[in-house]
Amino acid sequence: MRTRILDAADRLMQMRGYSGFSFADVAEVVGIRKASIHHHFPTKSDLGRAQLMRFREVCSRRLIEIDSIAKSPAAKLRGYVDLFRSTLADDGRMCLCGMLAAGVENLPDELREDLREAIVEHEQWLAKVFREGRRAGTFPRRGTIDQQSRAFLAALEGSMLLARVCGGVDRFEVVAAGLLDALASPRRSS
């Protein structure tokens, strides 16, 4: 039952944000009473934190998988972009971190801290990939690695949000392709 509740809450949060759903919404989707949700998650904050913890575990596994499969830093970034693309292609769902960040002012303090840690994990993984690409001479040296990794993540999150309003997955694809193309041919300084 816990998994069914988390699955329903994930879908609702990824579509509506933290403030856009309630225990009543989750209960309706799962087909249970609200009291049953409170048995597993006493508060909405507890539910949100459980969702984010599960999301972080799934992301960690996927990033490990990308690292083990991808042969180059560019391939790793393509795999990373695919994570966002597949989420958006699933009925316009958004990245859980992005949806939480969009409504950060409504989050309980402990969930804000969990969210910050989740974002830092992604930035650190991206920084590692950018570092590999720079060492290999395949990524341009534009700004610091931290700047590149943060900008890359922000561009993906932002393009997901705008894609929901202006053209769906196709809009996201254009932005993602531009990000990857900019890395594919580093400019040499004269």
Side-chain angles (χ1 to χ4, degrees), residues 1-30 34 37-38 40-66 77 79-129 146-166 168-169 171-172 175-176 179:
M1 183 55 62
R2 180 179 167 86
T3 300
R4 289 179 56 209
I5 292 168
L6 285 169
D7 289 345
D10 282 351
R11 184 164 285 279
L12 289 166
M13 191 184 302
Q14 287 179 297
M15 297 300 290
R16 301 179 187 174
Y18 185 79
S19 297
F21 79 97
S22 66
F23 275 22
D25 297 321
V26 176
E28 183 179 329
V29 170
V30 178
K34 284 190 326 185
I37 298 172
H38 284 286
H40 295 281
F41 307 100
T43 67
K44 188 173 180 181
S45 178
D46 294 325
L47 175 59
R49 291 185 82 193
Q51 287 176 266
L52 189 54
M53 180 186 312
R54 185 171 79 155
F55 176 80
R56 289 169 72 180
E57 290 167 358
V58 167
C59 286
S60 178
R61 286 193 303 272
R62 289 185 175 162
L63 296 178
I64 290 168
E65 183 178 301
I66 290 170
L77 289 182
Y80 188 72
V81 167
D82 285 342
L83 298 176
F84 286 79
R85 179 185 298 110
S86 64
T87 300
L88 185 61
D90 185 7
D91 291 331
R93 288 172 75 170
M94 302 300 299
C95 168
L96 189 64
C97 286
M99 286 304 278
L100 286 169
V104 70
E105 67 279 352
N106 298 315
L107 299 181
D109 290 341
E110 62 275 2
L111 186 52
R112 281 184 195 198
E113 181 57 28
D114 292 344
L115 174 59
R116 188 195 67 73
E117 291 172 7
I119 291 168
V120 167
E121 287 169 359
H122 282 263
E123 290 174 345
Q124 288 174 342
W125 184 84
L126 285 166
K128 176 185 69 79
V129 174
D146 285 344
Q147 288 170 334
Q148 277 190 305
S149 62
R150 290 173 181 167
F152 196 85
L153 178 59
L156 292 177
E157 292 285 6
S159 67
M160 285 184 90
L161 285 170
L162 296 178
R164 290 179 79 184
V165 177
C166 305
V169 177
R171 173 74 172 244
F172 175 84
V175 173
L179 288 170

Novice: Please test E113 against R116 for salt bridge (Lys or Arg N to Asp or Glu O under 4.0 Å), starting from the C-alpha separation and ending with a verdict.
Specialist: CA-CA 5 Å; E113 181 57 28; R116 188 195 67 73; 2.9 Å; yes
Novice: Heavy atoms only: give me the nearest I5-H40 pair and the separation to one decimal.
Specialist: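 Residues I5 and H40, closest heavy atoms: CD1-CD2, 3.6 Å.
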Novice: Nearest 0.5 Å please: distance from the CE atom of M160 over to the CD atom of Q14.
Specialist: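 These two atoms lie 8.0 Å from each other.
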Novice: First locate atom CG of D146, then atom CG of L126, and finally report the distance between them rounded to the nearest 0.5 Å.
Specialist: 11.0 Å
Novice: Heavy atoms, side chains only, cut-off 4.5 Å: are F55 and C95 in contact?
Specialist: yes
Novice: Side-chain contact test, heavy atoms from C-beta onward, threshold under 4.5 Å: evaluate it for R93 versus L88 and give yes or no.
Specialist: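 In short, these two side chains do not touch, never coming nearer than 4.5 Å.
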Novice: Nearest heavy-atom pair of V175 and A155: which atoms, and what distance?
Specialist: CG1-O, 4.3 Å
Novice: Do you know which two heavy atoms are closest between A8 and V26, and how far apart they sit?
Specialist: CB-CG1, 4.2 Å
Novice: Measure the shortest side-chain to side-chain distance between K44 and Y18 over non-hydrogen atoms and say whether it is less than 4.5 angstrom.
Specialist: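 Yes; the side chains approach each other to less than 4.5 Å.
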Novice: Write down the atom of Y80, the atom of H122, and the distance for their closest heavy-atom approach.
Specialist: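 In this case the closest contact between Y80 and H122 is OH-ND1, 2.8 Å.
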Novice: Determine whether R54 and D10 make a side-chain contact, defined as any pair of heavy atoms from C-beta on separated by less than 4.5 Å.
Specialist: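 R54 reaches D10 side chain to side chain.
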Novice: Heavy-atom distance under 4.5 Å between the side chains of L47 and F21, does that happen here?
Specialist: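 The answer is yes, as the side chains (C-beta and beyond) meet within the 4.5 Å cut-off.
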Novice: So which atom in A50 and which in L6 form the shortest heavy-atom distance, rounded to 0.1 Å?
Specialist: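 Looking at all heavy atoms of both residues, the closest pair is CB-CD2, 3.9 Å.
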Novice: Once rounded to the nearest 0.5 Å, what's the spacing between atom CD of Q51 and atom CG of D46?
Specialist: 11.5 Å
Novice: Quick one: does K34's side chain have a donor or acceptor within less than 3.5 Å of a partner on S22's backbone?
Specialist: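 Not a single qualifying donor-acceptor pair exists.
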Novice: Before you tell me yes or no, could you show the steps for R11 and D91 under salt bridge (Lys or Arg N to Asp or Glu O under 4.0 Å), namely the whole-Å CA-CA distance, both residues' side-chain angles and the distance that decides it to 0.1 Å?
Specialist: CA-CA 10 Å; R11 184 164 285 279; D91 291 331; 3.6 Å; yes
Novice: Donor-acceptor pairs are to be reported for all side-chain atoms of residues 98-111 against protein atoms at under 3.5 Å, with residues two or more places apart or in another chain.
Specialist:
{"unit_1": "N106", "atom_1": "ND2", "unit_2": "S19", "atom_2": "OG", "d": "3.2"}
{"unit_1": "E110", "atom_1": "OE2", "unit_2": "S45", "atom_2": "OG", "d": "2.6"}

Novice: Of all the heavy-atom pairs spanning V81 and A176, show the shortest one and how long it is.
Specialist: CG1-CB, 3.6 Å
Novice: Could you give me the CA-CA distance, side-chain angles and deciding distance for M13 and L96, then say whether side-chain contact (heavy atoms from CB on, under 4.5 Å) is met?
Specialist: CA-CA 7 Å; M13 191 184 302; L96 189 64; 3.3 Å; yes
Novice: If the condition is ring-ring contact (aromatic ring centres under 6.0 Å, His included), which residues does F152 pass it with, not counting sequence neighbours?
Specialist: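 Residues passing ring-ring contact (aromatic ring centres under 6.0 Å, His included) with F152: F130.
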Novice: Whether the side chain of D90 engages the backbone of T87 through a donor-acceptor N/O pair (distance < 3.5 Å, no angle test) should be reported.
Specialist: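 Side chain of D90 to backbone of T87: no pair is present.
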Novice: Taking the side chain as every heavy atom from C-beta outward, state whether C97 and E157 have any atom pair closer than 4.5 Å.
Specialist: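 The answer is yes, as the side chains (C-beta and beyond) meet within the 4.5 Å cut-off.
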Novice: Please evaluate residues E121 and L63 with respect to the criterion side-chain contact (heavy atoms from CB on, under 4.5 Å), reporting the C-alpha separation (whole Å), side-chain torsions for both, the decisive distance (0.1 Å), and the verdict.
Specialist: CA-CA 10 Å; E121 287 169 359; L63 296 178; over 6 Å; no
Novice: How are the rings of F84 and F172 set to each other: parallel, tilted or perpendicular (split at 30° and 60°)?
Specialist: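 Answer is parallel, since the angle falls under 30°.
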Novice: When you compare the side chain of L161 with that of M94, does any pair of heavy atoms fall below 4.5 Å?
Specialist: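 With C-beta onward as the side chain, the pair touches.
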Novice: Going from CD on E65 to CZ on R62, what distance comes out if it is rounded to the nearest 0.5 angstrom?
Specialist: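 It is 8.0 Å, given to the nearest 0.5 Å.
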Novice: Taking the side chain as every heavy atom from C-beta outward, state whether V165 and R171 have any atom pair closer than 4.5 Å.
Specialist: no
Novice: Please say which of R112, R56, R49 ends up in a salt bridge (charged side-chain N to carboxylate O under 4.0 Å, His left out) with E117.
Specialist: R56
